[in-house]
2 protein chains.
Amino acid sequence: MQTFIPGPPMGTATRPPNPPAEAGMSLLEVDTPALLVDLDALERNLARMADLARAAGVALRPHAKTHKSPALARMQIAAGAVGVCCQKVSEAQAMVAGGVRNVLVSNEIVDLRKLDRLARLAKAARVSVCSDDISNVDALSAAACAHGVSLRVLVEIDVGARRCGVASVETAVALARRIASSPGLSFGGLQAYRGPAQHQREYEGRRQAVEEAVGRSRNVRDRLLAEGLGCATITGGGTGTCDFEATSGVYTEIQPGSYVFMDADYRRNRNADGREFDTFEQSLFVLATVMSNALDNTVVVDAGMKALSVDSGMPLVVGIPSARYVRASDEHGTLELPGSLRLGDRVRLVPGHCDPTVNLHDWYVGVRADRVETVWPVAARGPGF
Amino acid sequence: MQTFIPGPPMGTATRPPNPPAEAGMSLLEVDTPALLVDLDALERNLARMADLARAAGVALRPHAKTHKSPALARMQIAAGAVGVCCQKVSEAQAMVAGGVRNVLVSNEIVDLRKLDRLARLAKAARVSVCSDDISNVDALSAAACAHGVSLRVLVEIDVGARRCGVASVETAVALARRIASSPGLSFGGLQAYRGPAQHQREYEGRRQAVEEAVGRSRNVRDRLLAEGLGCATITGGGTGTCDFEATSGVYTEIQPGSYVFMDADYRRNRNADGREFDTFEQSLFVLATVMSNALDNTVVVDAGMKALSVDSGMPLVVGIPSARYVRASDEHGTLELPGSLRLGDRVRLVPGHCDPTVNLHDWYVGVRADRVETVWPVAARGPGF
């Protein structure tokens with residue numbers, strides 16, 4: 001139809017926007033919509049999870065897919081974590097570039113370009129990865145050999161999530177044997193994560209789900225030990241269940257992610273006594289500005305689906321009990337409330353789901369006592385390669 | 001708790017990752033998950049919408065919130081558009097930086113920092129903006145005067161969307177009068193967009209919704225003309241309804257966005273004859289790789305909620321009629337299908353909702369005949385400031 005018109009030069013057009021805040025600003029000066037982190041609450045969450053793991057005698061390897069920030073990963077490690085998990089090679093690269101020296105990609109890596117990057121990364125850090133397929137083990141071995149590195153490989157087993165991971169003990173043992181005998185690879189143990197259990201509302205449902213996962217993991221482990229293959233690590237458990245995995249006597253490592261921030265959906269989980277799940281504090285918020293109040297009993301804020309993930313429900317409004325965030329458009333959020341907020345008023349919103357909300361933003365604005373203390377890039381933001 | 005650990009230096013850590021493809025690559029070489037644009041289909045969509053506007057005798061001002069790409073905006077303008085709409089000042093800045101010289105921010109801008117950026121932008125391009133509040137008109141005037149520029153201001157009226165915009169004719173006229181008498185501002189007309197009508201499934205429902213919007217717009221226009229305030233522009237209409245606005249005799253301009261790409265949700269609209277809405281072609285896809293097939297009748301691909309927005313339903317799988325994308329995790333998509341795909345196989349997915357899907361990615365991969373022709377940055381990606 002028409003001659004192709006190229007985009008602008010890379011260097012300029014691909015830089016994310018400047019941070020929405022600078023150290024020392026008040027919340028009224030922060031450009032919105034902005035991703036706020038309450039640093040006091042964040043630090044208490046970090047300490048609490050480190051205490052939980054320490055008390056149970058398991059390793060803590062928090063999931064960096066939640067925050068995608070090496071700065072935050074280094075705080076977790078300073079608080080006692082052995083390293084981090086990632087879901088993507090690009091996330092692992094961002095973590096290593098930001099000073100993290102021990103990364104488990106708790107996921108299958110298949111593409112040859114990704115395998116090449118993964119193996120290269122093992123020259124700069126201790127790198128582990130999961131597999132659930134024998135041809136994939138061979139591909140991992142080839143990549144490791146091509147770069148002269150060693151990759152630690154865990155067999156992912158399905159413990160009820162019905163996503164990745166092998167279903168049978170026999171297949172798991174066969175994979176472990178293949179890993180152990182493959183040049184450039186070492187067999188590290190089992191990845192055994194039951195995702196859906198994290199968000200089961202009732203305590204007893206979560207407990208039973210993890211009991212089943214523990215049983216399946218134990219079966220595989222016992223067979224591996226009987227076959228002389230060893231099983232140094234069994235890793236899994238998210239924010240909703242990791243107290244169960246930690247005290248199971250079978251898991252050796254937990255991988256919670258969301259505990260650093262929490263969200264509205266996790267909060268709807270119930271504790272053993274039926275109260276809401278409040279082990280960790282809400283530390284993540286989206287700061288928004290009222291941009292229209294032309295209609296009665298309604299205001300519109302400047303944070304919609306491109307600032308808040310709505311996959312797990314609408315955000316909650318902080319500090320205004322009568323206000324409800326009822327509808328998210330792409331760039332607008334509609335709040336119903338009796339009375340009204342004024343144009344330019346700021347509201348703090350609790351995201352429904354923290355991970356995909358963080359992934360929409362380029363910057364964290366770290367706040368203490370309503371004053372900006374720092375900004376951090378969401379360094380590994382994106383779909384991840 | 002612990003000493004604050006700063007993030008890595010800005011220059012390195014905030015650059016988005018390299019593009020997932022290079023010109024000349026085959027689809028098998030593209031790193032996934034990648035946002036593909038079928039350039040042939042895109043160009044046909046651009047031409048079709050330009051023809052529709054031309055035939056109806058209205059101006060075409062496509063919405064750049066969909067694509068966030070100056071390269072794409074320039075293609076739209078080359079095909080006949082008068083300029084673009086944006087929702088955010090940061091989007092408008094990216095468009096002007098990328099060579100677009102006529103931008104309507106089809107939204108209310110309230111924050112003082114944003115108003116300052118908006119007014120400064122008017123030194124480099126023709127800038128218009130909407131308002132639905134008299135104090136906001138004064139703030140726009142102050143910003144324009146501070147920078148010695150002229151801003152064209154449209155009054156946003158509520159035509160049934162119940163979001164931004166004034167409800168009464170009297171308020172609209174009062175705002176128009178204030179704009180017309182404010183230094184640094186000129187009154188441009190009306191913003192009259194009915195968002196929810198775009199996705200009403202039945203043709204007749206959309207037609208009636210727009211009929212109501214047209215009626216409200218006409219009422220306001222007639223009063224403005226009677227008061228001697230003029231009403232040069234009445235702008236609105238998205239991909240689902242803009243044929244109605246274009247032929248209404250009242251609207252002078254249409255603002256469709258999604259037509260460039262289409263998505264699974266728009267496709268579920270019905271035409272007058274009851275068939276699916278196929279006026280525009282699907283040109284946007286997410287390319288994903290099979291990363292696990294360890295379980296029966298299920299494969300897992302590497303594109304979940306961080307690569308595909310699921311607010312309007314799950315993506316569709318192209319070319320495999322028996323396959324259904326049944327569940328999106330943050331980084332995984334679970335496909336059910338009889339038989340199986342092999343590890344490493346590529347699948348093309350049609351996003352449920354194009355705008356927020358694009359907003360997850362840093363790069364477009366432009367493809368013609370299954371060969372990469374170009375990559376474009378999603379230059380204005382992000383929540384927008």
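Chain letters run A, B, ... following the sequence lines, proteins first and then strands; every chain starts at 1. Everything quoted here is computed from the prediction, not taken from an experiment.
Every residue two or more places apart in sequence or in another chain that forms a side chain to side chain donor-acceptor pair (under 3.5 Å) with B/Asp31 is listed here: A/Lys114, A/Arg117. With sequence neighbours excluded, the residues that form a side-chain contact (heavy atoms from CB on, under 4.5 Å) with A/Asp116 are A/Arg120, A/His147.
Only the backbone of A/Ala161 comes within less than 4.5 Å of a heavy atom of chain B; no side-chain atom from C-beta onward does. Using a 4.5 Å cut-off between heavy atoms, B/Ala288 does not touch chain A at all. Residue B/Gln93: no heavy atom, backbone or side chain, is found under 4.5 Å from chain A. The contact between B/Asp133 and chain A is made entirely by side chain atoms (from C-beta outward), counting heavy-atom distances below 4.5 Å. For A/Val299, no part lies near chain B; criterion is any non-hydrogen pair under 4.5 Å.
In this structure, CZ on B/Arg342 lies 10.5 Å from OG on A/Ser135, to the nearest 0.5 angstrom. Here the straight-line distance linking atom OG of B/Ser309 with atom CG of A/Leu360 works out to 8.5 Å at 0.5 Å rounding. To the nearest 0.5 Å, atom CG of residue B/Asp311 and atom OG of residue A/Ser329 are 10.5 Å apart. For the atom pair CD of B/Gln87 and CG of A/Asp302, the computed distance is 11.5 Å after rounding to the nearest 0.5 Å. Taking OG1 from B/Thr298 and CZ from A/Arg162, the interatomic distance works out to 5.0 Å, rounded to the nearest 0.5 Å. Once rounded to the nearest 0.5 Å, the distance linking CG of B/Asn359 with CE of A/Met305 reads 10.5 Å.
Per-residue heavy-atom pair counts under 4.5 Å with chain A were compared for B/Asp355, B/Val286, B/Asn136, B/Asp40, and the maximum is reached by B/Asp355. Among the candidates A/Leu308, A/Leu343, A/Val310, A/Leu35, the residue making the largest number of heavy-atom pairs closer than 4.5 Å to chain B is A/Leu343. Looking only at heavy-atom pairs under 4.5 Å with chain A, the residue among B/Ala303, B/Ala307, B/Cys164, B/Ala94 that has the most is B/Cys164.
Here the shortest heavy-atom pairing between B/Leu295 and A/Gly165 reads CD2-O, 3.6 Å. Closest approach of B/His361 to A/Pro383, counting heavy atoms only: ND1-CG, 3.6 Å. Across every non-hydrogen atom of A/Asp132 and B/Ser292, the tightest pair is OD2-OG, 2.5 Å. Residue A/Pro33 comes nearest to B/Phe385 through the heavy atom pair O-CE2, 3.2 Å, listed as atom of the first residue, atom of the second, then distance. In this structure, B/Arg113 and A/Met25 approach most closely via the heavy-atom pair NH1-CE, 3.2 Å.
Within a 6.0 Å sphere centred on CD of A/Glu22, other residues, nucleotides and ligands contribute 12 heavy atoms or fewer.
Side-chain contact of B/Thr289 with A/Asp111: a donor-acceptor pair under 3.5 Å is absent, judged by distance alone.
By the 4.0 Å N-to-carboxylate-O rule, B/Glu331 lies too far from A/Lys88 to be salt-bridged with it.
Listed for the A/Arg163 side chain is no donor-acceptor partner under 3.5 Å among the backbone atoms of B/Thr334.
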